[in-house]
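Hydrogens, waters and symmetry mates are skipped; everything else that's a heavy atom, side chains included, is used. So you know, we letter chains A, B, ... as the sequences are listed, proteins then strands, and number each from 1.
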Amino acid sequence: MSMNRTGRPTQSGPNSSNNAVPFETTSGHRGLHLVEPLIFEIGDARHSGVDLEDVGDFDHALGGLEREDRMGLPGLSEPETVRHYTRLSQKNYGIDSGFFPLGSCTMKHNPRINEKVARLPGLADIHPLQPESTVQGALAVMRDLAHWLTTLTGMPSVALSPKAGAHGELCGIMAIRSALEARGDARKVILVPESAHGTNPATAAFCGYQVKAIPANDDGRVDLAALKAALGPDVAGIMLTNPNTCGLFERDIIEIADAVHEAGGFFYCDGANFNAIVGRVRPGDLGIDAMHINLHKTFSTPHGGGGPGSGPVVFSKALAPYAPIPFVEEGEEGLFLREHKAAEGDKSFGRLVAFHGQMGMYVRALAYMMSHGADGLRQVAEDAVLNANYLLHELASDMTPSFEGPCMHEALFDDRFLKDTGVSTLDFAKAMIDEGYHPMTMYFPLVVHGAMLIEPTETESKDTLDQFIASMRALAKAARADETDRFTGAPYFAPLKRLDETRAARQPILKWTAPQSQEAAE
Amino acid sequence: MRYLPHNETDRRAMLSAIGAKSIDDLFRDVPPAARLDALLDLPLHKSEMEVDRLFRDYARQNVPAAEHAFFVGCGAYRHHVPATVDHLIQRGEFLTAYTPYQPEIAQGTLQYLFEFQTQVANLLGCDVANASLYDGSTACGEAILMARRITRGRKRAILAGGLHSHYGDVAQTMTRFGDEDVVRLAPSPDDAQGDMDRLIAAIDDNTSCVVVQTPDMFGHLHDLGPIAEAAHAKGALLVAVVTEVVSLGAVRSPGEMGADIVVAEGQSIGNSLNFGGPYLGLFATRAKFVRQMPGRLVGETVDADGQRGFVLTLSTREQHIRREKATSNICTNSGLCSLAFTIHMTLLGEEGLRKLALLNHRQATRLKAALSGIKGVKVLNSQFFNEVSVRLDRPAAPVVEALAGRKILAGVPASRLYPDRDDLANILILATTETVSDGDIAALSDALADIMQAEL
């Protein structure tokens, strides 16, 4: 491919309308912007990137159930495979690529020592049903992780097995319902603030509860009077995120806990934002009964493009007996797993998942905790809060903060500063892509209009924040200066322009199928 | 602290810009009673070298599969995963990305998920697959709930006796607070056909679905055709469960045999044992049921210039849009595990997968032959893939312990899963993948024969 290196605008992306390039390339590639087909378009059933010994003839014992159809699983050689997925990776933005201030998601640096130790054969190449005598080190990891989590939260017990935050919520609400049923109390309602993550009401409904929304007050916190008015003998409990999804600490939280308990309910805390307070506040001192901890947020196990996560749940003394199996316990012959409910009197609500949970994530999270130590974890919360407040302060004059006062680990803005500009929160976010940033969380929480939730995390430097602030100020000014095209046509410099999501939902194409002509030829 | 970019000068400058006297100012909304002034009673920070050493100590106290003759399966299987897989999934653009909510800068994730969905649908023999769930057991629970939504008004799910016991437990937990009635048939490893007969006999007009695992927990392969027919005749759905997906390189797919929803544990392809997690739930179904499906879906579309691209779609089923009316509370998938799956599957290709599956099966036939001659050992399977069960003349758990002492991890005693069932105490479940050599099989059969010679 010929390359013109003279006078070419370096920022031009593929297909961008302001692209000054006067020709189309023969290959369709544009330098480092490489077009990559689907494996179904480049691979075929006769290629493989794996060498296996010849099976030879032998008598099958498959009961006549041999698979005879063509499976539609193309193969590629190893070099082709490496290139295919490397090219795909280059169409992605990760924390490693740049600043990723996605509010509520805690996109902090993922240390590589955690990846390394999680792959030690003694930790990765062990089976969940090996004899316990051969996995004492793995059980020690679980015991030690439990110790760190209970100490950091000030809670007496923890169930490690939930596979993600939402799974942790399920675990917590199931324990609450079990505890209520055990005392013969058939309460029907779970209170959920309007600002809550969508998983909260979905979880409550999953456990058979009606969801009642509690409004926020003018300073972004739970309306205490409305909450107290909603409490009663039918309320099983409340699900409250703290710090909340507006990035604010619920000042009245102890009073809220007392009120819920007085009404006979339980207090579930969504711990998605524990990273803001780790080492400075113990949730156990706030009166909560259960809280999940997203190991992939606070303790930096990689998000991996959407999982796997891990959501251990800490429990108060009142709820601890209802927690799910399994548990690691210490016996005379060392550590062992309690994998089954005792025959009688065991209050555990049962098993939430096969085996013992996300061991690979336990290892990474524990390595992260040990690296930081008690001192470093406290610093994590302080720097996360410092960074968010720095952004909040520096952007306050060009954008519109939704609430007065300091924030915790994330800064919430709404779209009032875009009023009458013709630019929406979505447009603004897409323009941030052109500036080289991953956009903040958009349109969440639901309690402010056109929400923009910015979470810098503690692993960003002041220089990074200053450059980001400069970009955001410039964008805000551009929006007000009627440079609308810069927003409504954005992104210009991403591998693709804006995608048609309506079309995707109206005529869903969820799997690759061979083009008609090709099929007919076969 | 090596992960924190600020020094004290930076912090002071930022506090001063904000107009805060100290960091405590920023935490002023925390009620005084809940403020921690001192460090918690935990060790202080450690260097990378120290952390590395600590985890080597943990690792040293475990016996990795590679160091023993290894026959442990029962829902998690040790296969050789090409080095390429782990190398590629550690690329930062994959590893450190989030859920692809901004599709213009997440086409890498979205395209591989579209490839993954296609591979999974084709492998399981279904019209559509989602972008993965947590693991096989939770996928199974979700399938039961989905069958309930589809067959409105029907409330009973019937689980075959050969369903993995953890899957049955999880199904009971997930339906515990709904009005679903989960009926679990008793495990009967000595009578695989009887299990199916009892299942078919139990289907009634209130049955939403029957749940059948194949190969089942004891290694028996089942022809799903007659069960699908019986279920459909009564208006119920067939949920098929596969815990060893490599089997589908050799065995007819559940979709082809008539299953309506197919769930599987995808760990075998691309993912290590990891002591039980993270794993990968596969979930596939008929096109007409797609809007009742839980979990993320990626769909094809075009961008503003008409270029092909991919986006998350049909999200009106999901919690972040529907809140309490969502099909499930699930938020994440098993992103990176699904990437490992898709890369490994691409390396294998159809022919590679077929060959791999037959290698697994061949080793199992050799294992069966080797075990069949041992006194006090009865192999229970006539049709199987890579796992068989044996009935010993004595409890299996102490035999497994004794074999572990001889560097053989001989499989899973059924008592580990059913501690209260005396009739299963003598059952041992053994798996053979391509990683099990003929030498391993000989070592196992010699040692087992030796142990079984001792008087009861």
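Contact of Pro82(B) with chain A is made through the side chain alone, with heavy-atom distances under 4.5 Å. Heavy-atom distances place both the backbone and the side chain of His438(A) under 4.5 Å from chain B. Only the side chain of Leu353(B) has a heavy atom closer than 4.5 Å to any heavy atom of chain A. If you measure heavy-atom distances from Leu38(A) to chain B, the contacts under 4.5 Å come from both the backbone and the side chain. Only the side chain of Leu102(A) comes within contact range of chain B, with at least one heavy atom under 4.5 Å from a heavy atom of that chain. Heavy atoms closer than 4.5 Å to chain B are found in both the backbone and the side chain of Leu152(A). The contact between Met107(A) and chain B is made entirely by side chain atoms (from C-beta outward), counting heavy-atom distances below 4.5 Å. With a threshold of 4.5 angstrom between heavy atoms, Leu339(B) approaches chain A through side-chain atoms but not through N, CA, C or O. Of the atoms belonging to Leu76(A), heavy atoms from both backbone and side chain fall under 4.5 Å from chain B. Heavy atoms of Leu409(B) lying under 4.5 Å from chain A belong exclusively to its side chain. For chain B, the nearby parts of His372(A) are the backbone and the side chain; heavy atoms of each come within less than 4.5 Å. For Tyr167(B), the part sitting under 4.5 Å from any heavy atom of chain A is the side chain, from C-beta outward, and nothing else. Using a 4.5 Å cut-off between heavy atoms, Ile433(A) contacts chain B through its side chain alone, with no backbone atom that close. Proximity to chain B involves both the backbone and the side chain of Asp375(A), based on heavy atoms less than 4.5 angstrom apart. In this structure, the portions of Thr96(B) lying under 4.5 Å from any heavy atom of chain A include both its backbone and its side chain. When heavy atoms are compared at a cutoff of 4.5 Å, His303(A) approaches chain B by way of both its backbone and its side chain. Contact annotation for Gln130(A): both backbone and side-chain heavy atoms come within less than 4.5 Å of a heavy atom of chain B. Both the backbone and the side chain of Val30(B) come within contact range of chain A, with heavy atoms under 4.5 Å apart. For chain B, the nearby parts of Arg282(A) are the backbone and the side chain; heavy atoms of each come within less than 4.5 Å. Looking at His164(B), only its side chain comes within 4.5 Å of chain A, counting heavy atoms on both sides. Interface residue Glu401(B): only side-chain heavy atoms are found under 4.5 Å from chain A. Interface remark: Asp127(B) contributes backbone atoms only to the contact with chain A (heavy atom separation under 4.5 Å). At a 4.5 Å heavy-atom cutoff, the contact between Leu286(A) and chain B is made by side-chain atoms alone. With a threshold of 4.5 angstrom between heavy atoms, Ile18(B) approaches chain A through its backbone and through its side chain. Using a 4.5 Å cut-off between heavy atoms, Ala204(A) does not touch chain B at all.
In this structure, the ring of Tyr93(A) has its center less than 6.0 angstrom from the ring center of Phe100(A). With ring centers used as reference points, Phe275(B) lies 6.0 Å or more from His127(A).
Between Asn92(A) and Thr109(B), the side chains place a donor N or O and an acceptor N or O closer than 3.5 Å (distance only, hydrogens not considered). Remark: the Thr199(A) side chain and the Glu169(A) side chain contain an N/O donor-acceptor pair separated by less than 3.5 Å. Under the 3.5 Å distance criterion, with hydrogens and angles disregarded, a donor-acceptor pair is assigned to the side chains of Asp86(B) and Gln90(B). Residues Arg2(B) and Ser371(A) have side chains that bring a donor and an acceptor to within less than 3.5 angstrom of each other. Side-chain atoms of Tyr85(A) and Thr346(B) include a donor-acceptor pair closer than 3.5 Å. Ser132(B) and Arg296(B) share no donor-acceptor pair across their side chains, judged by distance under 3.5 Å alone.
Between Arg362(B) and Glu53(A), at least one side-chain nitrogen of the basic residue sits less than 4.0 Å from a carboxylate oxygen of the acidic one, meeting the salt-bridge criterion. Look at Lys462(A) and Asp10(B) and you find no salt bridge, because none of the NZ, NE, NH1 or NH2 atoms lies under 4.0 Å from a carboxylate O. Using a 4.0 Å cut-off between a side-chain N of Lys or Arg and a carboxylate O of Asp or Glu, Asp303(B) and Arg498(A) do not qualify as a salt bridge. Taking 4.0 Å as the cut-off between side-chain N and carboxylate O, Arg280(A) and Glu382(A) count as a salt-bridged pair.
Taking chain B as the reference chain and counting heavy-atom pairs below 4.5 Å, the highest number among Gly63(A), Ala205(A), Ala374(A), Gly75(A) is found for Ala374(A). Between chain A and the options Met1(B), Arg354(B), Glu300(B), Glu104(B), heavy-atom pairs under 4.5 Å are most frequent for Glu104(B). When each of Leu39(B), Val400(B), Leu40(B) is checked for heavy-atom pairs under 4.5 Å with chain A, Leu40(B) comes out on top. Per-residue counts of heavy-atom pairs under 4.5 Å with chain A were compared for Val412(B), Asp41(B), Asn122(B); the largest is that of Asn122(B). Counting heavy-atom pairs closer than 4.5 Å to chain B, the top residue among Ala164(A), Gly350(A), Pro439(A) is Pro439(A). In terms of heavy-atom pairs under 4.5 angstrom with chain B, the leader among Glu115(A), Gln90(A), Met361(A) is Glu115(A). Across Ser334(B), Pro278(B), Ser137(B), the residue that shares the most heavy-atom pairs under 4.5 angstrom with chain A is Pro278(B). With respect to chain A, the highest number of heavy-atom pairs below 4.5 Å among Gln117(B), Lys368(B), Gln172(B) belongs to Gln117(B). Counting heavy-atom pairs under 4.5 Å between each of Val82(A), Asp44(A), Val141(A) and chain B puts Val141(A) at the top. The candidate from Gln119(B), Gln383(B), Arg11(B), Glu265(B) with the greatest count of non-hydrogen atom pairs under 4.5 Å with chain A is Arg11(B).
Between Lys116(A) and Asp52(B) the shortest side-chain heavy-atom distance falls below 4.5 Å.
To the nearest 0.5 Å, atoms CE (Met14(B)) and CD1 (Ile23(B)) are separated by 9.0 Å. Atoms CG and CE, on Leu248(B) and Met71(A) in that order, are 8.5 Å from each other to the nearest 0.5 Å.
What you find for Pro121(A) and Pro64(B) is that their closest heavy atoms are O-CB, 3.7 Å.
Checked against side chain to side chain donor-acceptor pair (under 3.5 Å), Arg503(A) has no partners two or more places apart in sequence or in another chain.
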request  = Run the numbers on Glu339(A) and Arg416(B) for salt bridge (Lys or Arg N to Asp or Glu O under 4.0 Å), then give the verdict.
outcome  = CA-CA 9 Å; Glu339(A) 294 178 285; Arg416(B) 175 92 187 248; 2.6 Å; yes
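Within 6.0 Å of NE2 on His6(B) lie more than 12 heavy atoms contributed by other residues, nucleotides or ligands. Counting heavy atoms of neighbouring residues, nucleotides and ligands inside a 6.0 Å radius, atom NE2 of His47(A) does not exceed 12 of them.
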